[in-house]
Protein chains: 2
Amino acid sequence: MRDVAARAGVSTMTVSRALNEPGKVSEEMRERVLRAVREIGYLPNHLAGSLSSNRSTTIGLIVPSIDNSIYTQTVKGLSEVLKSSGFQLMIAESGYDPNEEEELITVFLSHRVSGLVLHSTEHTPQAAEKIRKSGIPVVENGNIPREPLDMVVSFSNYDASYAMTMHLGRLGYRKIAFASLYSVHNDRSQDRLQGYHAALRQLGLDPDPRIVLETERGLAAGAEVMARVVQSVPEVDALFCAGDVLVVGALFECQKRGWAVPGRIALASFDDVDLLRHVSPSVTTLRLPRYDIGERTARILLSRIMDGAEHLRGSVVDLKFELIQREST
Amino acid sequence: MRDVAARAGVSTMTVSRALNEPGKVSEEMRERVLRAVREIGYLPNHLAGSLSSNRSTTIGLIVPSIDNSIYTQTVKGLSEVLKSSGFQLMIAESGYDPNEEEELITVFLSHRVSGLVLHSTEHTPQAAEKIRKSGIPVVENGNIPREPLDMVVSFSNYDASYAMTMHLGRLGYRKIAFASLYSVHNDRSQDRLQGYHAALRQLGLDPDPRIVLETERGLAAGAEVMARVVQSVPEVDALFCAGDVLVVGALFECQKRGWAVPGRIALASFDDVDLLRHVSPSVTTLRLPRYDIGERTARILLSRIMDGAEHLRGSVVDLKFELIQREST
DNA sequence: CTGGATTTTGGTATCGGTAACAATACTATT
DNA sequence: AATAGTATTGTTACCGATACCAAAATCCAG
């Protein structure tokens with residue numbers, strides 16, 4: 001930058017202004033500076049800029065696991081909005097471990113990110129304290145937590161799970177099994193389970209621990225769950241797979257065993273991946289606002305960061321989901 | 001940091017060393033400093049550190065599209081290795097546009113990333129020039145380009161496509177259709193197409209432009225391609241879907257129409273997603289070293305950055321793929 | 001044409017660290 | 001015990017930008 005200033009015969013301050021606040025510099029100066037920039041091939045140093053101005057243009061994002069396709073839409077939403085405002089995304093994965101998350105938060109804070117997006121809503125007390133102390137805005141967006149750190153943009157896993165279970169009940173299913181991913185350190189899973197139970201109560205159905213299962217991700221796990229449930233509790237007439245692509249594994253298993261869907265057993269899922277519309281029978285599921293979550297998250301963060309919109313602190317955006325009835329129920 | 005130094009009664013230099021080069025500081029000092037750090041709740045400022053030392057611990061990654069599950073494994077490999085060395089990942093998407101990519105490279109360079117990972121291997125001349133000028137190490141990992149910018153960690157799309165086409169030929173298929181994603185600004189698609197053609201020549205089969213199609217991503221596109229190919233050229237006996245989950249859409253379409261797979265038509269795919277093993281018939285495909293690519297990319301980058309391993313400049317790591325024969329062919 | 005208001009430009013300190021070298025304390029050797 | 005050698009700590013300058021305030025240039029009404 002020194003070189004640019006020298007070449008253009010102006011001070012570094014003028015160069016800085018020409019680049020960042022073009023309005024505050026005369027037409028002539030601006031052109032002179034820009035020409036010098038081009039001639040020298042000058043590339044501003046963002047680190048120096050951020051350090052000096054005490055503002056940064058990076059946002060930290062922590063997801064439980066990067067190789068999980070359900071986040072990709074959200075990340076895309078985030079990324080697109082942030083990019084249009086010149087912000088950069090730093091991404092890391094916590095492996096569903098709150099301590100790991102705390103560590104990553106520390107790292108991001110030391111990188112002076114100007115905002116944080118957390119997919120998990122379970123945090124260590126120290127993590128919460130560090131964030132509070134740093135004063136930067138945070139958005140949680142995997143769930144609607146009982147005690148938000150700050151802002152929230154999400155749908156309610158509880159409501160969604162409740163809605164689907166109620167839907168199954170209204171369709172006349174009476175022995176509704178429930179499969180989810182492991183709920184340890186996964187409040188999304190926990191809330192889905194609770195929504196399921198609440199709906200059962202509402203429907204006047206008795207909970208049966210034999211048909212409530214937790215498993216790992218993947219098609220094989222879904223198939224395994226399907227087989228186990230039907231064999232241990234033959235009177236089961238529906239299976240609600242509240243996670244990942246479990247339902248597809250379950251469906252394949254039914255096809256293999258010759259169990260009619262929904263004749264023998266109905267199937268419902270949680271996330272509307274493209275696949276569910278194309279399999280046969282097509283699968284009843286919930287359409288979740290994955291992309292919107294990312295987009296809104298970015299917008300609300302940027303409002304806080306750029307416009308200092310303090311009135312948004314602590315705001316909770318509960319985005320709606322949609323239940324899609326298809327052939328499998 | 002000033003505060004920490006004061007509290008511990010030492011100079012800032014000693015604090016800096018205690019934190020970053022513990023070996024160069026006496027046991028006693030180290031403890032004194034660490035205690036002060038804890039008491040004050042001091043968080044180092046990475047921006048300042050990087051600026052001062054002219055080293056950073058961030059790596060820039062540019063993928064064509066974030067919401068594409070084929071990258072997630074690679075990103076995971078990258079992320080895990082980088083994290084273990086304290087490096088951070090900045091991710092952005094170029095939307096398959098080289099100009100956009102150039103823009104992002106510029107941004108990353110101004111953030112002083114210490115390395116770049118590019119999934120695309122098609123770049124603007126200016127982008128190449130900027131990278132060269134910056135002197136930072138780069139890894140391309142979506143393909144093996146004819147003229148690498150610097151280092152490459154990938155499998156060969158050409159070889160993989162060639163191998164699968166040859167495989168189909170050896171199995172006796174004579175009218176092999178080929179479907180890929182649009183190849184404009186997508187050298188991976190282009191190379192796959194060339195590999196296909198090379199194999200046809202080797203097999204002594206005539207190319208037929210009517211059965212070489214490009215389409216968009218998604219199941220619907222795969223289904224559409226399937227229907228179109230069979231109807232326009234009934235003698236087709238195999239379809240090689242060289243991209244995304246096209247093959248699944250194609251398979252569903254066959255099931256819907258009652259076309260036996262592989263009786264009426266054989267199906268082969270490019271990427272071994274979990275699904276292909278579980279559908280019926282299971283689908284012949286290529287197992288690509290997605291995770292390994294990320295891992296190796298990270299390792300080779302770190303060698304260059306931390307150990308200054310200049311002998312690695314320009315090295316090309318051609319990771320092997322594996323052809324998995326299943327029921328569909 | 002002049003004085004004050006306004007716009008444009010520049011000088012200097014500073015952001016929070018680290019590099020490079022200087023100074024001091026400690027060890028080992030003869 | 002003296003000296004060279006090594007380990008530890010401190011001093012100072014600087015990384016590359018921006019904030020803050022001062023100075024110069026421009027504008028405009030009276």
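In what follows, chains are A, B, ... by sequence order, proteins preceding strands, each numbered from 1. We use all heavy atoms of the structure for the numbers below, so side chains are in, but hydrogens, waters and symmetry mates are not.
One interatomic measurement links the two molecules: CZ of A:R2 to P of D:dC14, which rounds to 10 Å at whole-angstrom precision. In this structure, A:E21 atom CD and C:dT7 atom C1' are separated by 14 Å, rounded to whole Å. What separates CE of A:M1 from C1' of C:dG10 is a distance of 12 Å, to the nearest Å. Distance, A:E31 CD to C:dT9 P: 13 Å, rounded to whole Å. Rounding to whole angstrom units, CG of residue B:N20 and P of C:dG17 are separated by 10 Å. Atom-to-atom, NE2 of A:H46 to C1' of D:dC15 comes out at 17 Å; the value is rounded to the nearest Å. The CG-P distance, from A:N45 to C:dG17, rounds to 16 Å in whole Å. C:dT8 atom P lies 15 Å from atom CZ of A:R32, rounded to whole Å.
In this structure, B:V15 reaches neither bases nor backbone, as no heavy-atom distance under 4.0 Å exists between it and the strands shown. Contact annotation for B:N54: no contact, since no heavy-atom pair falls under 4.0 Å across all strands.
Projected onto DNA chain C by closest heavy-atom contact, A:T12 and A:K24 fall at different nucleotides, the more 5' of which corresponds to A:K24. Along DNA chain D, the nucleotide closest to B:M13 and the one closest to B:S53 are compared, and the more 5′ of them pairs with B:M13. Mapping B:R17 and B:R112 onto DNA chain D by nearest heavy atom places B:R17 closer to the 5' end of the strand.
The side chain of A:Y42 lies closest to D:dA17 when the candidates are C:dG11, C:dG16, D:dA17. Checking C:dG17, C:dG16, D:dT9 against the side-chain heavy atoms of B:L51 singles out C:dG16 as nearest. Of the candidates C:dA19, C:dT9, D:dA19, the closest approach to any side-chain atom of A:R55 belongs to D:dA19.
Within 3.5 Å, a donor on the side chain of B:S52 pairs with an acceptor on the base of C:dG17, or the reverse.
Residues passing the side-chain contact (heavy atoms from CB on, under 4.5 Å) test with A:K76 are A:Q73, A:E80, A:Y291, B:S65, B:D67, B:E93, sequence neighbours excluded.
For the pair B:N68 (side chain) and B:Y71 (backbone), a donor-acceptor distance under 3.5 Å is absent. Counting only distance, with no hydrogens or angles, the side chain of A:R32 and the backbone of A:A8 share a donor-acceptor pair below 3.5 Å.
Of the side-chain N and O atoms in B:S26, one or more sit less than 4.0 angstrom from OP1 or OP2 of D:dT9.
Residue-environment remark: CD (A:E310) exceeds the threshold of 12 foreign heavy atoms within 6.0 Å.
Atoms CD1 and OG, on B:I62 and B:S94 in that order, are 7.0 Å from each other to the nearest 0.5 Å.
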